[in-house]
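Shown next, in structure tokens, is the structure this report addresses.
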Amino acid sequence: MLTGKNIILGICGGIAAYKTPHLVRLFKKAGANVQVLATASALQFVSELSLATVSRRPVLRGLFELEGPGDEDKTMHITLGEWADALVIAPATANTIARLNAGLCDDMLSVCFITLRPDKPVLIAPAMDGHMYGSPSVRRNLSALAGQGCLILEPESGDLASGQCGLGRMPEPEAIVKALVAMLQPAGESALKGRQVVVTAGPTREKLDDVRFLSNYSSGKMGFAVAREAARRGALVRLIAGPVNLATPQGVERIDVESASGMLEAASRFFGECDLFIGAAAVADYRPENPVKGKIKKNDEEMELRLVRNPDILGEFSASRRPGQVSVGFALETAGGIGYAKEKLERKRLDLVAFNVSDGATTGFEVDTNALTLIDREGHVTELPVMPKGELAGRLLDAVEPLLPRR
Ligand code: PMT
């Protein structure tokens, strides 16, 4: 499964570190070469000798190690990042997560993270007390790392070493290996390989005047995750992005737009040639009829705003597409309402609709996780439970691939 793959396992100082010798053994059993990098506090929780014994290599710790895997003619801090086929950080503590996001380079693990070749996958398995995991700074840092393309493996719920019970336990080593195998799966097996895919993502802004706009809470995370996964499977991906604060996924051509009209203009350039169109953007259905030049001045009067309909980008693609082109939409509601999704499937002439609910906590806008109900034209319904948006993107594309015409 991982035959010949060079895996760097970064271990941080958390109680779950005691599970890492077993994780190393599973990687080795799957055929991988494993190099362990331990932060200073990791070795308070797990013995260096155990890790070196099961990995068959000395554990690397400090910044100034002279010997390790890779090209002998280069310095260690560069060769590690070149040698690795993947970097797994398990358990990842709040401290290391913050340091990675800040770009610090003060130990071998953080240096390796920065020097890793950009096309190599990074899997981060956070483990910590539930309150720490839910804290705004940890959420923000994880979100930013997910935005850079790292796969965040959500911790599990249960009894925690802190004495609390809740979310924060590191997933079992078997689950980490499974996730890594999926990340390293060769794109050659995907029906998306070589296909042209257009993904819309994020919100649109509809100007009221030169300093104000109408918009929504979409962060772009869902659409960016879909674009990233399609590119990983070998597709040529054009990502038409509304105003979001996310890094462009590796290998994706990104076109930034602001309004629904701008999104339509950018997307329609690829209508003719794309094999698959996925509308994950939260496009404003209406825009102010007459945006004002400069800033609207306030007075004592009430103000009435006249809105006009925006173009339906996905609808226009579906209406103009030729046979064989596949059209996939999302449908967002704030509660229940699978009937609305079915209605959108019909009205927008989609092949598949992904229905999601924005609950303000684990699904929909802004958060790192989501849950989808997929509905196809034959009426098949597939429920995908709450999981990280990166994983969900993979499950969505698994369902979309069979809809593409055979080559
Ligand atoms: O960006 P995140 O914070 O990660 O949140 C993800 C998400 C909730 C935005 C995403 O999962 C999602 O549901 N996107 C679609 C939201 C939406 O606008 O749904 P809708 O039901 O209004 O639109 C239905 C479909 O038509 C969507 O595919 C939409 O992209 C498309 N559409 C809508 C209006 C319009 N004028 N043009 C369109 O193309």
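Both ligands and their constituent atoms are indexed starting at 1 by order of listing.
- Only side-chain heavy atoms of Asp285 come within less than 4.0 Å of ligand 1; its backbone N, CA, C and O stay farther off.
- Of all the heavy atoms of Glu366, the ones lying under 4.0 Å from any atom of ligand 1 belong exclusively to the backbone.
- Relative to the six-membered ring of Phe224, Arg254 misses at least one condition, a distance below 6.0 Å or an angle of at most 45° to the axis.
- The number of heavy atoms from other shown groups lying within 6.0 Å of CZ (Arg349) does not exceed 12.
- Ligand 1 has at least one atom lying under 4.0 Å from a heavy atom of Ala280.
- The proximity of Ala354 to ligand 1, defined as any non-hydrogen pair under 4.0 Å, does not occur for either the backbone or the side chain.
- Note on ligand 1: Gly364 sits in its first shell, one or more heavy atoms being nearer than 4.0 Å.
- Contact annotation: for Lys348 versus ligand 1, heavy atoms closer than 4.0 Å belong to the side chain alone.
- Among the atoms of Val367, none of the N or O lies under 3.5 angstrom from an N or O of ligand 1.
- Using a 4.0 Å cut-off between heavy atoms, Ser219 contacts ligand 1 through both its backbone and its side chain.
- The list of side-chain hydrogen bond (donor to acceptor under 3.5 Å, both in side chains) pairs with a residue in residues 120-131, not counting sequence neighbours, reads Asp129-Ser162.
- The parts of Leu332 lying near ligand 1 are both backbone and side chain, judged by heavy-atom distances below 4.0 Å.
- Side chains of Thr373 and Val357 form no contact here, defined as non-hydrogen atoms less than 4.5 Å apart.
- Of the candidates Lys389, Glu316, Met263, Lys389 brings a heavy atom nearest to atom 4 (O) of ligand 1.
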Exercise answer: donor-acceptor pairs, residues 384-403 side-chain atoms, under 3.5 Å, sequence neighbours excluded:
residue	atom	partner	partner atom	Å
Lys389	NZ	Gly364	O	2.8
Lys389	NZ	Val367	O	2.7
Asp398	OD1	Arg233	NH1	2.9
Asp398	OD1	Arg233	NH2	2.8
Glu401	OE1	Ala191	N	3.0
Glu401	OE2	Ser190	OG	2.8
Glu401	OE2	Arg233	NH1	2.8

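- Contact annotation: Gly220 has at least one heavy atom less than 4.0 Å from an atom of ligand 1.
- Taking the six-membered ring for Trp, Phe271 and Phe277 have ring centres closer than 6.0 Å.
- Note on Lys221 versus Asp368: salt bridge recorded, some NZ/NE/NH1/NH2 to OD/OE distance being below 4.0 Å.
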